[in-house]
Engineer: 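Structure provided below as structure tokens; questions to follow.
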Amino acid sequence: MANNFHHRIKVKQTWIAYLFIVVPAIILGIFTYYPMIYGVVLSFFKYDFISPMKWVGVANYAKAFHSWQFWNAMKNSFLYLLVVPPLQLLAIVMALLVNRQMKGVNVFRTFYFIPVITSMTVVALSWDWIFTRRGVLNYVLMALHLIPQPIGWLTNPHIALFSIMFVTMWKGMGYYMMLYLAGLQGVPSTLIEAAKIDGASNSTIFWKITLPLLKPYVMFCSIISTIAALNVFTEIYVMTGGGPYHATETMGVLIYKKAFENLNFGYSSALAVILSVVLIIATMVNLKFFKEGGVQSYYG
Amino acid sequence: MVNSKKRRNLIYVLILMTFFAVITTFPYYWTFKTSVEVSANVYKFPPDLIPHPVTFRNYAVVWSQLGLVKFYLNSILLTVVGVLVNVFLAALAAYPLARFDFYGKKIVFYVMLLPLMLPFQGGLIVNYLTLKNMHLLNTYTGVILPLAVSAFGVFLFRQAYLGIPKDFEDAARIDGAGEFYIWFRIMTPLITPTISAFAILQAITWWDIFLWPLIVLSDSNKYPLAVALMYLNSTFQTNFKYTAAGMILASLPLIIAFIFMQRFFVRGLTAGGVKY
């Protein structure tokens, strides 16, 4: 009897629940789940908008694997992955610096954080001007006698990608710092006091107490920065457009160019599928490394 | 002894802090400097480190003559509507997941939250084609729809709804209130702190959005600020001072908002990390 009663309530709640869910679910279905499936389907077709879709089997993938431009973009994306997410750990140093009771410390926090809320277009244009051959960075470095002649920060194919990586980090650091700061403030001060009384040095406290307690934050930042590194687009698009000589062309830029400049949607979808596989593997490696979940955004 | 060592450490800390502060603030100074110069030229070598004479005319020119005001209004519209849609849909989806016992709840839960875990790259291309078929290219609806449901928002709101004691809705139910009324008028106002944190997070996303509107919008009159600045920069290539003034104007609202509402910003941005 009671069971039947519960069942009836649950049926009624089910109806109402789905009334709540129906609109968000339809939107997710069309714009999140459908692209996952149709993106894979599209990667087996030739499609350019004008002529009808044509089945080409794995030709798009074969084309990618035989293309130097694809491997070049892969190489650049992997370089990004190898440099940017590990250096994000530097934000722990920034967090430690501003995690103190001191007059004016909030001003520093604000300074470090403002790049996070500045649009990447603005950030990239500013650095574009600073990096230019006859720009202020070369001037300052030459005035300090650190370099003998101007460096082509964005025009030298061996340097350009690293200059853009710097910009990516410059904008992201404050975000990671805020997360680490939240983590540091969650470390119980009694724990630190107790360790001090036991005679532990500052470095012992950091390595043995603080850092292990920050581990969930390191994991989260690691996942976010990995996904961001593999998706990098705006700063490259604004500063170099992928040049010079494809030296800064990453997978994100190549996918965009193939789809929206060459109207090669099938090929571009194949590239997107490949990048997604790399992303999923990279995220799984992170999860395996730290055990937990993450957030993504590829529209920014 | 101990004191002098402490003082020395503090000096190192201050030097390091200042070093980072110089690196983070210099580009703003440089852009500002460029924006107030009479004949700004970022290729001038050696550069003038301090602007002389200073003028604010560039701001007036970029605002009215070059039409920045139009792009500003575009961004305001996109941000306001985008945030409202994000909050509304996340609240709708999250509520039953937190408060109802229903058939298929587990599956719905995973369907709503899986996008958080699955980074998929094909979205740009397929969504573009979908919008084309729906005749929504070059519209704000087209810009907003694919980003309307934030899995992260659903996740945050569900956590918040879970924290409300059961008595609240029971009391309303006894009074004969409908479920949507209870959701909208009683339960949702109770999670205002979470909503404001999420709304700020989304406002930053919408204000700074670049790639997606660049793809969807073909009419440059509809560009939001970030896209418009890129467009201005390439159209008026040598007029750095105007672009610079536009960049400062575009960045100011969020910077001012951050200074006055720091706590909400930090809560929004760190919510993901803390709760995972």
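By convention in this document, chain letters (A, B, ...) are assigned in the order of the sequence lines, proteins followed by strands, and residues within each chain are numbered from 1. Just so you know, these numbers come straight off a predicted model, no measurement behind them.
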Engineer: Is the distance between the ring centroids of A/Tyr217 and A/Tyr176 under 6.0 Å?
Structural biologist: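 Not under 6.0 Å, so no.
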Engineer: Side chain, backbone, both or neither: which part of B/Ile215 has a heavy atom under 4.5 Å from chain A?
Structural biologist: side chain
Engineer: Any donor-acceptor pair under 3.5 Å linking the side chain of A/Asn138 with the backbone of A/Arg133?
Structural biologist: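 Checking the backbone N and O of A/Arg133 against the side chain of A/Asn138, a donor-acceptor pair under 3.5 Å is found.
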Engineer: Looking at B/Val227, B/Thr25, B/Leu225, which one has more heavy-atom pairs under 4.5 Å with chain A than the rest?
Structural biologist: B/Thr25
Engineer: Please confirm whether A/Trp170 and A/Trp127 have ring centers closer than 6.0 angstrom.
Structural biologist: yes
Engineer: Identify which part of A/Ala143 has an atom lying under 4.5 Å from any heavy atom of chain B, answering side chain, backbone, both or neither.
Structural biologist: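 The answer is neither part of A/Ala143.
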Engineer: What part of B/Ala91 is in contact with chain A, defined as an atom under 4.5 angstrom from a non-hydrogen atom: side chain, backbone, both or neither?
Structural biologist: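 Neither part, no heavy atoms under 4.5 Å.
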Engineer: Name the region of A/Arg100, side chain, backbone, both or neither, that has any atom closer than 4.5 Å to a heavy atom of chain B.
Structural biologist: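 A/Arg100 touches chain B through side-chain heavy atoms alone.
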Engineer: Check for me whether the distance between the ring centres of B/Phe102 and A/Tyr18 falls short of 6.0 Å.
Structural biologist: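 B/Phe102 vs A/Tyr18: aromatic centres under 6.0 Å.
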Engineer: So which residue, A/Asn106, A/Val107, A/Val93, ends up with the most heavy-atom pairs under 4.5 Å with chain B?
Structural biologist: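 Among the listed options, the one with the most contacts to chain B is A/Asn106.
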Engineer: Can you label the angle between the A/Tyr34 ring and the A/Tyr38 ring as parallel, tilted or perpendicular, going by 30° and 60°?
Structural biologist: parallel
Engineer: Given heavy-atom pairs under 4.5 angstrom as the criterion, report whether the side chain, backbone, both or neither of A/Ile117 touches chain B.
Structural biologist: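 Both parts, backbone and side chain.
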Engineer: Is it the side chain or the backbone of A/Val22 that comes within 4.5 Å of chain B heavy atoms, both, or neither?
Structural biologist: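 A/Val22 has no heavy atom closer than 4.5 Å to chain B.
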Engineer: Sort out for me which of B/Tyr95, B/Phe180, B/Phe88, B/Phe26 touches chain A most, counting heavy-atom pairs under 4.5 Å.
Structural biologist: B/Phe180
Engineer: Is the NZ or CZ atom of A/Lys12 positioned over A/Trp15's six-membered ring, under 6.0 angstrom from the centre and within 45° of the axis?
Structural biologist: no
Engineer: Do you know which of B/Ser251, B/Gly246, B/Ala226 has the most heavy-atom pairs with chain A at a distance under 4.5 angstrom?
Structural biologist: B/Ala226
